[in-house]
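These numbers come from a predicted model, not from an experiment.
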Amino acid sequence: MHPETKRALNTLFPTIRFIITNKKAMQESGKKYELSAEELQNIRELLLHESDYRMPDEVADEFLTSGEVITIDKWQNIISAGDMNPDIYIVIEGIMRCWYWDNDKEVTAFFSTIPTMAISYHCYYGNLPSFYNFQACTPVKLIHIKRERFNQLIEQHHEFARWNMRVAINQLYYFEIKRDLNQGKAKDKYISLVKTFPNIMNAVPLQIVASYLGITPQHLSRLRKAYLYDNVRK
């Protein structure tokens, strides 16, 4: 698989109905943290590869240091459906998922891993309550940047605005890739996920992976057993 396509899929592979929606609970559980110079450099390099346009390092550093670094417990919601939270979150450690209710069925739309930007566009752009739940599948470390500061950077730095435009175009492209994958058989989608992102399969419960693939946990369990059996025979 081409490295660009692999990285693209990283934001698409999307976890139990164990949710903390109380804002106060989130504020109390979130712990602040300071990045080292080495961590900042590593995150910057990963983030800059989210776009085919590279903004200057100093602008990227200004962006990354414009917020606060927080840690969130496993299964904690960063943004809950119905919340009004227009801020930007950058995943710098761990795995998140974005999910919603389809009648009485929980559907995982995608996964977010380092260095994905997590934004509720209903809130950020539409000034409407969030449609999605943004949930930590593992303990997660994030950079939390206020919408006002994010917009200031867009106004102050043409390079930052251009970088964000390219990120948005890439995201649309990635969603087309996901839609194409979803046209295939569940077995093919499962194998692609296992081979490309084994960390997600190891860290996320099967019922949540099933909610992304659009199959039952029982079907996923059969696929998993068949895949393991085939690999043992090889």
Side-chain angles (χ1 to χ4, degrees), residues 3-13 26-74 76-79 85-98 110-121 123-124 134-171 173-174 196-200 202-204:
E4 291 294 326
T5 302
K6 181 174 180 179
R7 187 174 64 251
L9 294 173
N10 193 45
T11 62
L12 302 177
F13 285 113
M26 176 180 169
Q27 292 168 353
E28 290 176 349
S29 66
K31 303 176 183 66
K32 295 183 179 179
Y33 176 90
E34 288 189 9
L35 292 175
S36 67
E38 182 178 358
E39 286 176 314
L40 179 62
Q41 180 179 355
N42 291 338
I43 295 164
R44 180 219 301 149
E45 290 305 312
L46 289 169
L47 188 69
L48 290 176
H49 282 94
E50 289 290 283
S51 168
D52 57 4
Y53 169 75
R54 184 183 178 94
M55 62 178 156
D57 288 356
E58 58 270 20
V59 177
D61 287 348
E62 185 177 354
F63 172 45
L64 292 172
T65 57
S66 290
E68 63 178 8
V69 180
I70 58 174
T71 59
I72 301 297
D73 294 335
K74 185 177 181 179
Q76 177 72 57
N77 272 13
I78 293 114
I79 303 174
N85 184 341
D87 295 343
I88 288 79
Y89 296 86
I90 304 171
V91 180
I92 58 176
E93 186 177 298
I95 301 171
M96 285 174 49
R97 70 157 178 163
C98 180
F110 56 85
F111 281 130
S112 295
T113 60
I114 180 171
T116 308
M117 287 197 298
I119 307 171
S120 169
Y121 288 104
C123 301
Y124 175 81
F134 293 80
Q135 184 183 41
C137 303
T138 66
V140 170
K141 190 181 294 181
L142 306 138
I143 300 176
H144 174 202
I145 300 173
K146 294 289 187 180
R147 176 173 64 175
E148 293 77 10
R149 179 56 181 148
F150 186 79
N151 288 342
Q152 285 176 357
L153 290 170
I154 290 176
E155 293 176 1
Q156 291 171 0
H157 299 290
H158 171 75
E159 300 93 342
F160 184 66
R162 182 177 175 184
W163 178 81
N164 273 283
M165 182 190 72
R166 298 303 300 176
V167 168
I169 292 172
N170 286 345
Q171 286 178 341
Y173 166 62
Y174 299 161
T196 310
F197 305 108
N199 61 317
I200 289 177
N202 294 331
V204 177

How far does CD1 of Ile43 sit from CG of Leu48, to the nearest 0.5 angstrom? 11.5 Å
Note, Leu40 side chain near Leu64 side chain (heavy atom, < 4.5 Å): yes
Indicate yes or no for a side-chain donor-acceptor contact from Thr138 to the backbone of Ile95 under 3.5 Å, with no hydrogens or angles considered. yes
When rounded to the nearest 0.5 angstrom, what is the spacing between CG in Leu35 and OG1 in Thr65? 9.5 Å
Note, Asn164 side chain near Phe150 side chain (heavy atom, < 4.5 Å): yes
Does a sphere of radius 6.0 Å around CD in Glu38 hold more than 12 heavy atoms from other residues, nucleotides or ligands, not counting ones at 6.0 Å or beyond? no
Side chains of Ile143 and Ile88 in contact at under 4.5 Å (non-hydrogen atoms): no
Report the C-alpha separation of Ile145 and Phe63 in whole Å, then their side-chain angles, then the decisive distance to 0.1 Å, and conclude whether the side-chain contact (heavy atoms from CB on, under 4.5 Å) test is met. CA-CA 8 Å; Ile145 300 173; Phe63 172 45; 3.3 Å; yes
Counting N and O atoms only, with roles assigned by atom type, does the side chain of Asn85 sit under 3.5 Å from a partner on the main chain of Ser120, one being a donor and the other an acceptor? no
Just checking Phe160 against Tyr53, ring centres under 6.0 Å apart? no
Minimum heavy-atom distance between Met96 and Ala118, given as atom pair plus value: CE-CB, 4.1 Å
CD1-CG distance between Ile90 and Leu46, expressed to the nearest 0.5 angstrom: 11.5 Å
Given side chains that start at C-beta, do those of Tyr124 and Asp87 come closer than 4.5 Å, heavy atoms only? no
Side chain to side chain donor-acceptor pair (under 3.5 Å) between Gln152 and Arg149, intermediate numbers included: CA-CA 5 Å; Gln152 285 176 357; Arg149 179 56 181 148; 3.2 Å; yes
Donor-acceptor pair, distance only, cut-off 3.5 Å: does the side chain of Glu39 make one with the backbone of Ser36? yes
Minimum heavy-atom distance between Ile78 and Ala136, given as atom pair plus value: CD1-N, 4.3 Å
Can you measure from CG (Asp52) to OH (Tyr173) and round to the nearest 0.5 angstrom? 11.0 Å
Would you check if the side chain of Arg147 reaches a backbone N or O of Cys123 as a donor-acceptor pair within less than 3.5 Å? yes
For a quick test of reading the model, state the closest non-hydrogen atom pair linking Leu47 to Pro115 and the distance between them. CD1-O, 3.5 Å
Assess the residue pair Glu50 and Asn170 against the criterion (side-chain contact (heavy atoms from CB on, under 4.5 Å)); give the C-alpha distance rounded to whole Å, side-chain angles, the decisive distance to 0.1 Å, and a yes or no. CA-CA 8 Å; Glu50 289 290 283; Asn170 286 345; over 6 Å; no
Using side chain to side chain contact (heavy atoms under 4.5 Å, CB included) as the criterion, point out the one residue from Val140, Leu142, Asn42, Val69 that pairs with Ile92. Val69
Would you check if the distance from the ring center of Tyr89 to the ring center of Phe134 is below 6.0 Å? no
Could you give the distance from CD (Glu62) to CG (Asp57), rounded to the nearest 0.5 Å? 13.0 Å
Between Ser51 and Arg166 the two heavy atoms that sit nearest each other are OG-CB, 3.0 Å
Kindly indicate, with the supporting measurements, whether the criterion salt bridge (Lys or Arg N to Asp or Glu O under 4.0 Å) is fulfilled by Glu45 and Arg54. CA-CA 10 Å; Glu45 290 305 312; Arg54 184 183 178 94; 2.9 Å; yes
Kindly indicate, with the supporting measurements, whether the criterion side-chain contact (heavy atoms from CB on, under 4.5 Å) is fulfilled by Lys141 and Ile70. CA-CA 6 Å; Lys141 190 181 294 181; Ile70 58 174; over 6 Å; no
Within the 4.5 Å heavy-atom criterion, are Ile114 and Glu93 side-chain neighbours or not? no
CA sep, side-chain torsions, deciding dist, call: Arg44, Asp61, side-chain contact (heavy atoms from CB on, under 4.5 Å): CA-CA 7 Å; Arg44 180 219 301 149; Asp61 287 348; 2.9 Å; yes
Nearest-0.5 Å distance that lies between atom NE2 in His144 and atom CD in Glu68: 6.5 Å
